Chemist: 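One structure is given below, represented as structure tokens, and several questions about it will come after.
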Amino acid sequence: MQTAKPQNQAATAQDGASAPASAPTEPPLLPDRRKTRRTWETPPAPAPQPRLDHYQGVVGEAEIAELRFLARDLKGKTIKMVNSTAVGGGVAEMLNRLVPLINELEVPTHWDVITGGNDFFELTKAFHNALHGGAYELTRQAQEIFLMYDEQNRQRMSFTEDMIVIHDPQPAALIRARADCDASWAWRCHIDLSNPNPQLWGFLRPFIEQYDAAIFSSSSFTRQLPIPQYLFYPCIDPISEKNKELDDATVQKVCDEFGVDRSRPIVTQVSRFDRLKDPVGVVQAFKLARKYVDCQLVLAGGGASDDPEGTIVLKEVKEAAGSDPDIIILDLPPWCALEINALQRASTVVVQKSIREGFGLTVTEALWKSKPTIAAAVGGIPNQIIHKLTGMLVHSVEGCAYQIRYLLTHPELARQLGKNGHEHVKENFLMTTNMRRWLLLFRILLTKRGILP
Ligand code: UDP
């Protein structure tokens with residue numbers, strides 16, 4: 001078993017495998033005695049802002065022309081997007097790309113972030129978990145804190161735009177400002193609301209009902225509401241570091257750095273070290289499959305160093321892997337988009353054996369790279385994997401092992417699944433598709449409100 005470390009530590013000594021007999025007297029050198037850090041050990045410079053033309057090569061001229069056409073009547077109409085954080089997390093990542101692109105279409109779009117103290121963000125983290133179905137007792141004090149920060153944000157922000165889009169529950173009560181403006185208001189819910197804590201949902205629901213529309217990421221994530229609901233799948237950006245095309249030399253370089261042998265089949269799962277991603281189940285499935293077919297397993301994850309539970313899960317995974325040299329466990333820092341891209345592209349088969357899942361963007365990423373993908377039938381994964389058409393859905397360790405073995409021994413079917421998966425993502429889960437949905441929604445809601453003729 002190999003473990004890549006983000007820090008300047010020799011992996012073998014850290015893992016207790018073969019520490020040198022006598023301690024070196026000179027300052028410790030980097031792993032394998034390099035003088036310079038490996039590329040993935042330091043954050044890269046931020047990527048430049050995307051422009052619509054950059055997508056033309058990926059989705060074609062017609063799709064970009066369609067976006068420009070849809071935006072024509074919206075020119076000069078103003079949009080405000082509000083969420084709870086400017087960095088970190090999928091929503092911020094998506095807004096970072098979406099907002100400049102809509103602006104480029106001459107639809108002035110402003111992105112605002114709510115502020116709050118630690119007490120507010122601790123509370124909204126607890127709300128987040130409770131909305132996913134966790135046990136929670138909503139106290140009067142919690143409601144007061146939530147509304148107090150909402151009041152502060154309402155005072156601080158102005159709502160002079162034509163269209164206001166509020167993302168997720170943290171800023172949802174800002175709808176109380178709607179009485180003072182003519183805008184159309186939409187609530188974009190990125191989380192799975194299918195089984196919320198009833199008391200908390202009872203508190204939030206009256207706010208949501210005041211919006212003109214609610215948008216969910218999957219039909220299985222929605223609630224019964226008296227307002228129109230729209231389905232917007234999450235999306236990936238095909239020209240980002242995580243998903244852009246890579247030349248073979250880059251893929252090879254990353255594999256060399258991580259000790260991945262490209263001459264043998266590679267099975268990969270990319271995921272945080274979290275029990276709900278079932279990395280131990282992946283190790284078990286891999287070991288079962290490998291009895292019949294030669295392969296290596298790459299488990300690439302992150303976040304273990306700053307998440308106490310992640311550290312425990314990583315330890316469990318290492319224990320399950322034992323000293324198996326064909327299991328490569330990579331605990332990567334958060335900026336390793338390019339490395340993840342390369343590992344996904346180097347893979348023969350990609351696995352996502354989650355026990356619970358949101359939409360499962362790692363699956364989208366793998367399908368985009370035309371990888372035969374085996375994933376658990378949970379959360380938004382069945383929206384992406386149509387069994388035996390765009391990938392394989394599984395329900396157990398044994399099922400996962402069977403499909404690994406099957407796909408590794410049926411390369412023609414595997415290739416066809418990957419090809420179909422790529423087309424499915426191109427049609428439904430790309431940034432440009434997402435933009436098209438936003439532009440259509442703005443047109444519908446602004447027309448309803450009489451802001452557009
Ligand atoms: N990811 C990453 N580094 C890691 C593990 C995951 O950059 O070590 C990325 C992964 O490529 C994907 C996202 O984090 O873009 C995970 O999204 P997903 O919806 O699959 O799961 P979540 O972690 O949000 O539950």
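For ligands, and for the atoms within them, numbers begin at 1 and follow the listed sequence. These numbers come from a predicted model, not from an experiment.
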Chemist: Should the pair Y211 and W185 be assigned to parallel (<30°), tilted (30 to 60°) or perpendicular (>60°) ring geometry?
Modeler: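 Y211 and W185: perpendicular rings.
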Chemist: Contact between ligand 1 and G358 is defined here as a heavy atom of the residue under 4.0 Å from a ligand atom; is it met?
Modeler: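 G358: no contact with ligand 1 (<4.0 Å).
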Chemist: Show which atoms of ligand 1 fall inside a sub-4.0 Å distance from at least one heavy-atom site of G360.
Modeler: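 Going through ligand 1 atom by atom, the ones under 4.0 Å from G360 are 19 (O), 20 (O).
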Chemist: Identify the protein heavy atom lying closest to atom 6 (C) of ligand 1, giving its residue, its atom name and the separation to 0.1 Å.
Modeler: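 For atom 6 (C) of ligand 1, the nearest protein heavy atom is V270 CG1, 3.9 Å.
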Chemist: What protein heavy atom is closest to atom 15 (O) of ligand 1, reported as residue, atom name and distance in Å?
Modeler: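 The closest heavy atom on the protein side is E365 OE2, 2.4 Å.
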Chemist: Specify the protein heavy atom at minimum distance from atom 23 (O) of ligand 1: its residue, its atom name, and the distance to 0.1 Å.
Modeler: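 Looking at atom 23 (O) of ligand 1, the protein heavy atom closest to it is R272 NE, 2.8 Å.
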Chemist: In terms of relative ring orientation, are F429 and H424 parallel, tilted or perpendicular, with 30° and 60° separating the classes?
Modeler: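 Taking H424 first and then F429, their aromatic rings stand perpendicular (interplane angle over 60°).
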Chemist: Taking the inter-plane angle between the rings of Y406 and Y402 on a 0 to 90° scale, is it parallel (under 30°), tilted (30 to 60°) or perpendicular (over 60°)?
Modeler: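 Plane angle under 30°, so parallel.
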Chemist: Any idea which protein heavy atom is nearest atom 21 (O) of ligand 1, and the distance to it?
Modeler: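 Residue, atom and distance for the closest contact: K277 NZ, 3.1 Å.
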Chemist: Please report which non-hydrogen protein atom sits nearest to atom 2 (C) of ligand 1, along with the residue it belongs to and the distance in Å to one decimal place.
Modeler: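 The answer is I340 CD1, 3.3 Å.
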Chemist: Just so I know, are the side chains of K80 and V165 near enough to count as touching, which here means a heavy-atom distance under 4.5 Å?
Modeler: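 The answer is no, as the side chains (C-beta and beyond) never meet within the 4.5 Å cut-off.
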Chemist: For ligand 1, which is the ligand I care about here, please tell me if G301 has any N or O atom under 3.5 Å from one of the ligand's N or O atoms.
Modeler: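 Right, the criterion is met.
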Chemist: Look at the rings of H167 and H190 and say which category their plane angle falls in: under 30° parallel, 30 to 60° tilted, over 60° perpendicular.
Modeler: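 Aromatic pair H167/H190 classed parallel.
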Chemist: For the backbone of A186 and the side chain of D212, can you confirm whether one donor and one acceptor N or O come within less than 3.5 Å of each other?
Modeler: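 It does not hold such a pair.
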Chemist: Decide side chain to side chain contact (heavy atoms under 4.5 Å, CB included) for Y230 and F216; before the verdict, give the C-alpha distance in whole Å, the side-chain angles of both, and the deciding distance to 0.1 Å.
Modeler: CA-CA 6 Å; Y230 294 87; F216 290 91; over 6 Å; no
Chemist: Listing request: all salt bridge (charged side-chain N to carboxylate O under 4.0 Å, His left out) pairs with a residue in residues 365-391, at least two apart in sequence or in separate chains.
Modeler: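 The answer is K242-E365.
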Chemist: Please, which pairs that meet salt bridge (charged side-chain N to carboxylate O under 4.0 Å, His left out) have at least one residue in residues 263-273, sequence neighbours excluded?
Modeler: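 Applying salt bridge (charged side-chain N to carboxylate O under 4.0 Å, His left out) to every pair that reaches into residues 263-273, excluding sequence neighbours, yields R264-D294, R264-D326, R272-D274.
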Chemist: How close does the nearest protein non-hydrogen atom get to atom 16 (C) of ligand 1, and which residue and atom is it?
Modeler: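 Going atom by atom, the protein heavy atom closest to atom 16 (C) of ligand 1 ends up being T362 CG2, 4.2 Å.
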Chemist: So is there a nitrogen or oxygen of Q344 less than 3.5 Å from a nitrogen or oxygen in ligand 1?
Modeler: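 Min N/O separation from ligand 1 is not below 3.5 Å for Q344.
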Chemist: Tell me which protein heavy atom sits closest to atom 9 (C) of ligand 1, plus the residue, atom name and distance to 0.1 Å.
Modeler: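 The closest one turns out to be K242 NZ, 3.5 Å.
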Chemist: Main chain of L101, side chain of R51: is a donor-acceptor contact present, judged purely on distance under 3.5 Å?
Modeler: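 Answer holds: no.
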Chemist: Below 3.5 Å, N or O to N or O, backbone or side chain included: is there any such pair between G302 and ligand 1?
Modeler: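 N/O-N/O distance below 3.5 Å exists for this pair.
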Chemist: Among all protein non-hydrogen atoms, which one is nearest to atom 18 (P) of ligand 1, and what is the separation to 0.1 Å?
Modeler: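 The closest one turns out to be L361 N, 3.4 Å.
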Chemist: Below 4.0 angstrom, counting only protein heavy atoms, does anything approach atom 13 (C) of ligand 1?
Modeler: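 Answer no: nothing from the protein, no heavy atom, is under 4.0 Å.
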Chemist: Which of the numbered atoms in ligand 1 are below 4.0 angstrom from a heavy atom of E357?
Modeler: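 Taking each heavy atom of E357 in turn, ligand 1 has 21 (O), 25 (O) under 4.0 Å.
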